[in-house]
Number of protein chains: 2
Amino acid sequence: MSGYGQFCPVAKAMELLDERWTLLVVRELLAGSTRFNDLRRGVPHMSPALLSKRLQRLERAGLVRKSVDGSHTAYRLSPSGVELRPIVEALAGWGVRWIGDLGQADLDPHLLLWDVRRTVDVERWPRSRTVVALRFSDVETGAARWWLVCHDGETDLCDFDPGFEVTATVTSSLVALTRVWRGGRSWAGALRSGEGGIDGDADAVGRGPAGIGQAGWAGVPRPSERELALARPAAD
Amino acid sequence: MSGYGQFCPVAKAMELLDERWTLLVVRELLAGSTRFNDLRRGVPHMSPALLSKRLQRLERAGLVRKSVDGSHTAYRLSPSGVELRPIVEALAGWGVRWIGDLGQADLDPHLLLWDVRRTVDVERWPRSRTVVALRFSDVETGAARWWLVCHDGETDLCDFDPGFEVTATVTSSLVALTRVWRGGRSWAGALRSGEGGIDGDADAVGRGPAGIGQAGWAGVPRPSERELALARPAAD
DNA sequence: CTGTATCCATGGCGATACTG
DNA sequence: CAGTATCGCCATGGATACAG
């Protein structure tokens, strides 16, 4: 018995949505990914077998529609799936307010840049090809260097040097850039503390992270220290 | 590893909230239950061991505060827990729109009346003691007869005859009253089809289900047939 | 009334490898 | 690129009994 045996619509909704990974797949679909491997990038650590299973389940439940066009497969949310957007956004807002503590295990340069790629504010960048190199000061070789290549309104992410001239180079610790992108930490503060830096034509790229953009929920107001204290496990 | 290894706040939120039963416990707390056994009534089929475990987890996460006063224990949501209300309500709205099909296993007279008890519109009832007897025509003995006793603005639920004079008697199939209470089915329709009936002083009790009230999300607009068709597994 | 303790079966899921 | 196949573990949680 995997159901709850309740008619309550919260229970009926959660029978589907409380399965591990499911809502993260929905989140990635809402963010615009349609391809299997794009979804994988957006939901790292999820095995392909499980992703496949979840997509099938969501399709059977009518939240996702799969369309095959030649060798090209796309998954898109149906109307009922799209209606989960306010819920996912509310969860993001809640999470950003109340689960602020990030462990080292929560940090992931691949995922951060996969998300950053979507928030680059191309309008603020030069119309000619612009390349921002990113370097994480505290990440092991292999995931420490990245390049955002912006051209014709498209942004590509490379984990290898694409060879073009670099407009500016942003250096930062992984945790600092993650915090800045999530909101709640300012790039100015990261610069001051020495956790971040920018070289090259900073103005051209909107002074680094400002031009890279922020998460959609970055602007959600954080609880005050007083509110946080009230919500804490409580000495009672 | 039970986490998702992601900094995404949706992932961080779901690490806590996608555990089985958790959000239903939150729902019941939001509805106003504070006592362990009241929570159990609101979340039937959940073992007490698991309820205890979830409450502890929620307390450690700062969403719930436990207060002990003599032999009286109360669980209340903290500010961060209360902030889940819009999410739970949105889930209820989503569920009621898109997961309309109720199986026989989802029906439960105990839970229905536990919920109904909260929505009785005492203002509409006489100031003197009012007793509504409910009888499910299709439920096995033991859970087929119920009494709502309303007095001094309080509503009590009995599964035995309290002995007072009955103001009115509502008869219905379990599925019909569940649908009416959830919204999406009208009591008038249930009466017409013969699935429901009311005897006695119907006017005094707001003509039955109208006075008994409806779920908070009963008014959520349901998708049209056309929308439903679009969201269905799709013949593509 | 408010839980805790214990036990056990299940199946979810992580890992890895492999295919059209 | 877009998945399937297989395997095995162990944690989840259901059931039951019991305790302060």
Side-chain angles (χ1 to χ4, degrees), chain A residues 1-6 11 14-25 28-29 33-61 64-76 105 108 114 156-157 159 236, chain B residues 1-6 11 14-26 28-29 33-61 64-76 105 108 114 156-157 236:
Chain A
M1 163 157 91
S2 78
Y4 287 116
Q6 289 192 201
M14 290 312 280
E15 282 180 11
L16 180 67
L17 302 176
D18 73 0
E19 276 187 315
R20 196 164 155 74
W21 296 109
T22 298
L23 225 48
L24 301 190
V25 174
E28 195 57 23
L29 287 163
S33 292
T34 62
R35 316 276 291 267
F36 192 85
N37 282 331
D38 283 352
L39 291 167
R40 289 197 66 183
R41 262 185 281 276
V43 194
H45 307 312
M46 186 183 193
S47 80
L50 204 48
L51 174 57
S52 173
K53 190 175 169 185
R54 287 291 182 273
L55 286 169
Q56 285 175 33
R57 174 100 202 263
L58 286 169
E59 199 189 355
R60 265 184 292 119
V64 160
R65 195 152 8 207
K66 173 180 182 173
S67 61
V68 181
D69 175 15
S71 70
H72 180 101
T73 308
Y75 298 91
R76 290 175 213 286
D108 182 338
W114 177 246
D156 284 322
L157 172 66
D159 57 1
D236 210 17
Chain B
M1 164 158 90
S2 78
Y4 286 116
Q6 289 192 202
M14 290 312 280
E15 284 181 10
L16 180 65
L17 301 177
D18 72 1
E19 276 187 317
R20 196 163 155 74
W21 297 107
T22 298
L23 225 47
L24 302 191
V25 174
V26 170
E28 195 56 24
L29 286 163
S33 293
T34 62
R35 314 276 291 269
F36 191 83
N37 282 332
D38 283 352
L39 290 166
R40 289 196 66 183
R41 261 185 280 277
V43 194
H45 307 314
M46 185 182 193
S47 79
L50 205 48
L51 174 56
S52 172
K53 189 174 169 185
R54 287 290 182 272
L55 285 169
Q56 286 176 33
R57 174 101 202 264
L58 287 170
E59 199 189 355
R60 264 185 291 118
V64 160
R65 196 154 6 208
K66 173 180 182 174
S67 61
V68 181
D69 176 13
S71 70
H72 180 103
T73 308
Y75 298 91
R76 289 173 212 288
D108 182 337
W114 177 246
D156 285 321
L157 171 66
D236 214 15

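Below, read A as the first sequence line, B as the second, and so on, with proteins coming before strands; counting in each chain starts at 1.
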Side chains of [X] and [Y] in contact at under 4.5 Å (non-hydrogen atoms):
| X | Y | value |
| --- | --- | --- |
| A:Gln6 | B:Val43 | yes |
| B:Lys53 | B:Leu50 | yes |
| A:Leu51 | A:Tyr75 | no |

(request) Using modelled atom types only, decide if a donor and an acceptor are shared between the side chain of A:Arg54 and the backbone of A:Arg20 within a distance under 3.5 Å. (result)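 Checked: pair present.
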(message) Donor-acceptor check, side chain of B:Tyr4 to backbone of B:Glu15, threshold 3.5 angstrom: yes or no?
(response)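 No: the side chain of B:Tyr4 does not pair with the backbone of B:Glu15.
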Nucleotide [N], atom [atom2] - distance to [atom1] of [X] in whole Å:
| X | N | atom1 | atom2 | result |
| --- | --- | --- | --- | --- |
| A:Asn37 | D:dT4 | CG | P | 13 Å |
| B:His45 | D:dA15 | NE2 | C1' | 14 Å |
| A:Lys53 | C:dA15 | NZ | P | 16 Å |
| B:Arg35 | C:dC1 | CZ | C1' | 7 Å |
| A:Arg54 | D:dA2 | CZ | P | 20 Å |
| A:Met46 | C:dA15 | CE | C1' | 14 Å |
| B:Arg40 | C:dG3 | CZ | C1' | 9 Å |
| A:Leu51 | D:dC1 | CG | P | 14 Å |

(request) For the side chain of B:Ala49, starting at C-beta, report the closest nucleotide among D:dA15, C:dA15, D:dA2. (result)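 The answer is D:dA15.
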Tell me whether the OP1 or OP2 atom of [N] has a side-chain N or O from [X] closer than 4.0 Å.
| X | N | value |
| --- | --- | --- |
| A:Arg20 | D:dT12 | no |
| B:Tyr75 | C:dG3 | yes |
| B:Ser47 | D:dT16 | no |
| A:Lys66 | D:dA2 | no |
| A:Ser52 | D:dT4 | yes |
| B:Trp21 | D:dT12 | no |
| A:Gln56 | D:dG3 | no |

(message) Pair B:Thr34, B:Arg76 - check side-chain hydrogen bond (donor to acceptor under 3.5 Å, both in side chains), show working.
(response) CA-CA 6 Å; B:Thr34 62; B:Arg76 289 173 212 288; 4.7 Å; no
(message) Need the bend value for the helix from C:dC1-D:dG20 to C:dG20-D:dC1: angle between end axes, 5 pairs each end, nearest 10°.
(response)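 Rounded value for the end-axis angle: 60°.
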(message) Ignoring hydrogens, what is the shortest heavy-atom contact between B:Thr73 and B:Arg35? Give both atom names and the distance.
(response)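 Smallest heavy-atom distance, with atoms named: O-CD, 3.6 Å.
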(message) I want to confirm an ordering. Mapping A:Arg41 and B:Leu50 to their closest nucleotides on DNA chain D, which one lands closer to the 5' end?
(response)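 Going by which nucleotide is closer to the 5' end, it is A:Arg41.
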